Amino acid sequence: MTAITGGLVCAHHHLYSALARGMPAPPRTPTNFQEILEQVWWRLDAALDLEMIRWSAMLGALEALESGTTAIVDHHESPNAIEGSLDVIAAACAEVGVRVVAAYGITDRHGPDGARRGLAENERYLRAGGRGLVGIHAAFTCSDASLEAAAGLAADLGVGVHIHVCEGTGDADASRRLRGLARPDWLLAHCVHLPTEHGLPGTVLHNPLSNLHNAVGYANPARFANPVALGTDGIGANMLETFRLAFVLQRSVDVTCGPGVAWSWLETGWDLVPEARADRVTWSYGPIDPWHVAYTPGIRPLRVEVDGRVVLDGGVATCVDATEVRTKAREQAARLHARL
Ligand SMILES: [Zn+2]
């Protein structure tokens, strides 16, 4: 029995991390979240060039489509390849046939000039008509001036801000620093250590697999008054799997809860990218509802239409050659890993 739904939305992704698979272990084993950032992700993003970014986005978009995800809210950083990076990501997603809402995560980690160039990339991309948001890495890596500049640019352009908030304990004062800047169209990724009464408007982006992997704790997003949407934080874009994990994690602290709350988080994705709801995904199993999906492994899309165009048929991508994408991505991953 098959079923048809709208296209799913991954509300927090890092397409560049598609090339991380198989990377060499860092010189020292990280012992906490800050060290994971310093020894893994901040070394990886600094080594990216535009060709690597292109093939990581192609692979990430392909894998999204193969999971029935037709819209990706991406958060990108490549401090040594900033200019034009958002165009490369948008073009790769368009080639595969997946919608993307792009943002460049600005940071002062590489000095104020790095933040300025990141902000300029957001502005250039958005003013040229790109679908996106203004990105900020996180409050704890930005000066107040950079936070204010990003918030101001977003308000000027009529878009929201996509930012990591309180993912680890090192960002604990984010709610104080962002108060007065955040607006309802902001996307607040993680919020693990955000106080329940935090006073920030915006949608909380819950990333259960990433939070478990980084051992940062459980965000327990049901405690917030904010809307909640689901993301992967760069570990693929399989949103049915992400829903299942969000459900059982919630269940781990409240055995009385059913899958309906986590399902509503999945559906919040359609508030962020409404056009994805009109995409059509034909699934290998039906019905697609919280009680069925929570207990049915291996559901996969057979056919996907985005904006009326068939982009996956018989489980196979139609706009690109999936084997070629995987081959090129592996070549670029080898180049990337050699730089680490
Ligand atoms: Zn993230």
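Start at 1 and go down the list; that is how both ligands and their atoms are numbered. Any value given below was found using the heavy atoms of this structure, including those in side chains, with hydrogens, waters and symmetry copies removed. Only a predicted model underlies this, so the values are computations on that prediction, with no experimental measurement involved.
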Could you enumerate the protein N, O or S atoms under 2.8 Å from the Zn ion (ligand 1), written like residue then atom name? H12 NE2, H14 NE2, H164 NE2, D233 OD1
Under the side chain to side chain donor-acceptor pair (under 3.5 Å) test, which residues partner R277, sequence neighbours left out? none
Is a side-chain N or O of T282 found less than 3.5 angstrom from the main chain of L302, in a donor-acceptor match? no
Where A94 and R309 come nearest, the two heavy atoms and their spacing: O-NH2, 3.7 Å
Just to verify, what does D87 make a side chain to side chain donor-acceptor pair (under 3.5 Å) with, not counting sequence neighbours? R124
Ion pair R28/E38, N-O distance below 4.0 Å: no
Tabulate below the donor-acceptor pairs under 3.5 Å that side-chain atoms of residues 100-113 make, not counting sequence neighbours, or state none.
from	atom 1	to	atom 2	distance (Å)
Y104	OH	S78	N	3.0
Y104	OH	S78	O	3.4
T107	OG1	R109	N	3.1
T107	OG1	T141	O	3.3
T107	OG1	T141	OG1	3.0
D108	OD1	S146	OG	3.3
D108	OD2	S143	N	2.7
D108	OD2	S143	OG	3.2
D108	OD2	S146	OG	2.8
R109	NH2	E77	OE1	3.1
D113	OD1	R116	NE	3.1
D113	OD1	R116	NH2	2.9

